[in-house]
Amino acid sequence: MSLKKVIFYNKSGQKLVGRLELPANQLPHNYVLFAHCFTCNKNLLAIKNISKSLTSSGFGVLRFDFTGLGESEGDFADTNFSGNVEDLIAAAEYLSKTHKAPTLLIGHSLGGAAVLLAASEIASIKAIATIAAPSNPVHIKRLLKSNIEEINLNGKALVNIGGRDFTIKKQFLEDLENRTLPQTVKELRKPILILHSPQDQTVAIKNAEEIYIAAHHPKSFISLDGADHLLSDKKDSTYAGKVISGWAQRYLDIPQDKSINSEHQVVASLDADEGFSTSMKVGNHYMIADEPEEFGGNDFGPSPYELVSAGLAACTAMTIQMYVKRKGWDLQNVEVHSSYSKSHAEDCQDCESPGAKIDTFHRELKLTGSVDEKQTQRILDIANKCPVHKTLHNEIQVITKIID
């Protein structure tokens, strides 16, 4: 997983701060916008776990702090629910300009209500998932309890939510009253997944039922049985992320893995628009080869010379263990550290110049076990006799031809 800080601006020009998580070994096939719960922030552990599950399936995920929360600018007391929806639209515009427009919206708790309202305003959205979402934003009044009277009387009140103090103004409550979520859901006509725990003590399971009834098909419900409202248990949030990932792929455009086959031991395939990120079939195994970012690659996989060095290291380890087992020596483990002295990208800048430099592999062995000095020296000799080592020392020919 790759994680980077991003900054964009809301409708009022205030700075919003987020984290963009990307897959470790590929470009994202789709981007996700994640809306956190009321007074939470982007760093809630459950949000991180759900995002990690999504990136492991090839999604890019943007989670950010709403105005007045976390690292984002603004005064929370001056915000309202409509502002959260506007922040989501601003985040979608940011992704559209800098990466690709988001296709999946995920919202937790009040964030779930926000994504249902924002979905109709973001044309690129193809699917929505809510987690423990209220069927009506007015539900938030339950969290304020006795403070409602003070807010109505004085126009604002200091309330404690989740152990933190927040100032809530009357305009926030008035804004909640004006948002009719069931009607919005009824008119949405986009695939929706509703996740909710029957044991949720903050937002009752009845809310999930009301959203489900209001929504049109295709709609799905998943019970997060045993989970609390914040999905505090890692297994609950990880499960939610995996379910959302699997469900969403039915409604999103996911590029199919390229089927590359060959009568040879290895085949490499690279499209013109993929930079250096090369799809490979190595024996019966599929992988990606790439170049480091400093050479213009995405670093989604090992470089060509790293692959050659890896072959030398693996063959050395196998050869040594095979030899010492036959001898009955006590070698519990061998580590072979290897690297190539020149980078692939630098070589190719001077491909026409033969023999300008000597190709050098640096190889170091770490032996764990009870081997004496004489045995150690013999192991060093055997390392130099591994088949790949011999191949690299031999005169090699590469015969190339064009095939249909």
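This one's a predicted model, so the numbers in the text were calculated from it and none came from an experiment. Numbering starts at 1 and runs along the sequence shown.
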May I have all residue pairs that pass ring pair (Phe, Tyr, Trp, His ring centres under 6.0 Å) and include part of residues 109-133, sequence neighbours excluded? none
Give every donor-acceptor pair under 3.5 Å between a side-chain atom in residues 393-404 and any protein atom, sequence neighbours left out.
residue : atom : partner : partner atom : Å
His393  : NE2  : His389  : NE2          : 3.2
Asn394  : ND2  : Lys390  : O            : 3.3

Start with the C-alpha distance between Phe361 and Tyr340, add both sets of side-chain angles, then the distance that settles ring pair (Phe, Tyr, Trp, His ring centres under 6.0 Å), and finish with yes or no. CA-CA 5 Å; Phe361 287 91; Tyr340 181 66; 5.0 Å; yes
With a 3.5 Å distance limit and no angle check, can you tell me whether Asp271 reaches the backbone of Asp273 through a side-chain donor-acceptor pair? no
Between the OG1 atom in Thr184 and the CG atom in Leu188, the distance rounded to the nearest 0.5 Å is 8.0 Å
Does the side chain to side chain contact (heavy atoms under 4.5 Å, CB included) test come out yes or no for Leu20 and Leu3, once each step is laid out? CA-CA 6 Å; Leu20 182 61; Leu3 179 66; over 6 Å; no
State whether the side chain of Asp200 and the backbone N or O of Ala204 hold a donor-acceptor pair below 3.5 Å, judged by distance alone. no
Whether Thr130 side chain and Ala133 backbone form a donor-acceptor pair below 3.5 Å: no
Any donor-acceptor pair under 3.5 Å linking the side chain of Arg19 with the backbone of Lys5? no
Could you tell me which residues satisfy side chain to side chain donor-acceptor pair (under 3.5 Å) with Gln14, sequence neighbours excluded, listed by chain and number? Asn10
As a quick check of understanding, evaluate side chain to side chain donor-acceptor pair (under 3.5 Å) for Asp225 and Gln199, giving each step before the final call. CA-CA 7 Å; Asp225 191 31; Gln199 293 82 23; 2.9 Å; yes
Lys242 atom NZ, over 12 foreign heavy atoms within 6.0 Å: no
Which heavy atom of Arg363 sits nearest a heavy atom of Cys386, and at what distance? NH1-SG, 4.4 Å
Over all heavy atoms of both residues, which pair between Thr316 and Ala383 is shortest? Give the atoms and the distance, please. CG2-CB, 3.8 Å
Determine whether a donor-acceptor pair (N or O, by modelled atom type, separation under 3.5 Å) exists between the side chain of Gln377 and the backbone of Lys374. no
Check whether Thr55 reaches the backbone of Pro23 with its side chain - one donor and one acceptor, N or O, closer than 3.5 Å. no
Other residues, nucleotides and ligands only: do more than 12 of their heavy atoms fall within 6.0 Å of CE on Met280? yes
Going by atom type alone, with no hydrogens or angles, which donor-acceptor pairs under 3.5 Å involve a side-chain atom of residues 110-129 and a protein atom two or more places apart or on another chain?
residue : atom : partner : partner atom : Å
Ser120  : OG   : Leu117  : O            : 3.2
Ser124  : OG   : Pro102  : O            : 2.5
Lys126  : NZ   : Asp253  : OD2          : 2.8

Hey, mind stepping through Val32 and Thr103 against side chain to side chain contact (heavy atoms under 4.5 Å, CB included) and telling me if it holds? CA-CA 6 Å; Val32 182; Thr103 53; over 6 Å; no
Nearest heavy-atom contact between Gly60 and Pro28 is N-CB, 3.5 Å
Do the side chains of Lys4 and Glu21 get close enough for a salt bridge, i.e. N-O under 4.0 angstrom? no
Distance check, rounded to the nearest 0.5 Å: Tyr305 atom OH versus Glu291 atom CD? 10.0 Å
Lys11 bridged to Glu93 by N-O distance under 4.0 Å: no
For Gln183 and Glu187, which I'm curious about, is there any donor-acceptor pair between the side chains at under 3.5 Å? yes
Could you go through Ser220 and Trp247, starting from their C-alpha distance and side-chain angles, then the distance that decides it, and tell me whether this counts as side chain to side chain contact (heavy atoms under 4.5 Å, CB included)? CA-CA 9 Å; Ser220 305; Trp247 170 84; 3.4 Å; yes
Show the numbers, then the answer: is there a side chain to side chain contact (heavy atoms under 4.5 Å, CB included) between Phe34 and Ile47? CA-CA 8 Å; Phe34 203 125; Ile47 297 176; 3.8 Å; yes
Approximate separation, where rounding is to 0.5 Å, of Gln249 CD and Leu104 CG: 10.5 Å
Side-chain H-bond candidate by donor/acceptor type, Asp65 with Ser72, under 3.5 Å: no
Which value, rounded to the nearest 0.5 Å, describes the distance between Leu88 atom CG and Leu105 atom CG? 6.5 Å
Donor-acceptor contacts under 3.5 Å from residues 320-331 side chains, at least two apart:
residue : atom : partner : partner atom : Å
Tyr323  : OH   : Arg378  : NE           : 3.0
Asp330  : OD1  : Gln332  : NE2          : 2.3
Asp330  : OD2  : Ser370  : OG           : 3.3

Which residues pass the side chain to side chain donor-acceptor pair (under 3.5 Å) test with Glu86, not counting sequence neighbours? none
Just by distance, do the side chain of Asp87 and the backbone of Thr67 share a donor-acceptor pair under 3.5 Å? yes
Side chain to side chain donor-acceptor pair (under 3.5 Å) involving Ser56 - partner list, sequence neighbours excluded: none
Taking atom CD as the centre, does Glu294 end up with more than 12 heavy-atom neighbours from other residues, nucleotides or ligands that are less than 6.0 angstrom away? yes
Do side-chain atoms of Ser96 reach the backbone of Ala92 as a donor and acceptor pair under 3.5 angstrom? yes
Donor-acceptor pair, Asp290 side chain versus Phe300 backbone, under 3.5 Å? yes
With sequence neighbours left out, write down each residue that passes ring pair (Phe, Tyr, Trp, His ring centres under 6.0 Å) with Tyr94, or none if nothing qualifies. Phe8
Between His108 and His229 (judged by ring centroids, cut-off 6.0 Å), do the two rings come close enough to count as a pair? yes
Is a side-chain N or O of Lys48 found less than 3.5 angstrom from the main chain of Ile50, in a donor-acceptor match? no
Could you check Ser309 against Ser338 for side chain to side chain donor-acceptor pair (under 3.5 Å), going step by step and ending with a plain yes or no? CA-CA 6 Å; Ser309 188; Ser338 65; 2.8 Å; yes
Test ring pair (Phe, Tyr, Trp, His ring centres under 6.0 Å) applied to Phe66 - qualifying residues, sequence neighbours left out: His36, Phe64
For His216, enumerate each residue passing the ring pair (Phe, Tyr, Trp, His ring centres under 6.0 Å) test, keeping only those at least two apart in sequence or located in another chain. none
Grab the two heavy atoms, one from Lys15 and one from Ile7, that are nearest each other, plus how far apart they are. CG-CG2, 3.2 Å
For Tyr239, check ring pair (Phe, Tyr, Trp, His ring centres under 6.0 Å) against everything at least two apart and list the hits. none
Would you say the side chain of Thr319 lies within less than 4.5 Å of the side chain of Pro387, judging by non-hydrogen atoms? yes
Would you please name every residue forming a side chain to side chain donor-acceptor pair (under 3.5 Å) with Thr278, sequence neighbours left out? none
Minimum-distance pair of heavy atoms, taken over all atoms of Ser262 and His264: OG-N, 2.9 Å
Leu224 versus Ala240, closest heavy-atom pair with distance: CD2-CB, 4.4 Å
Indicate whether the side chain of Thr238 and that of Asn49 have a donor and an acceptor atom separated by less than 3.5 Å. no
Here the gap from Glu335 atom CD to Thr368 atom OG1, rounded to the nearest 0.5 Å, amounts to 6.5 Å
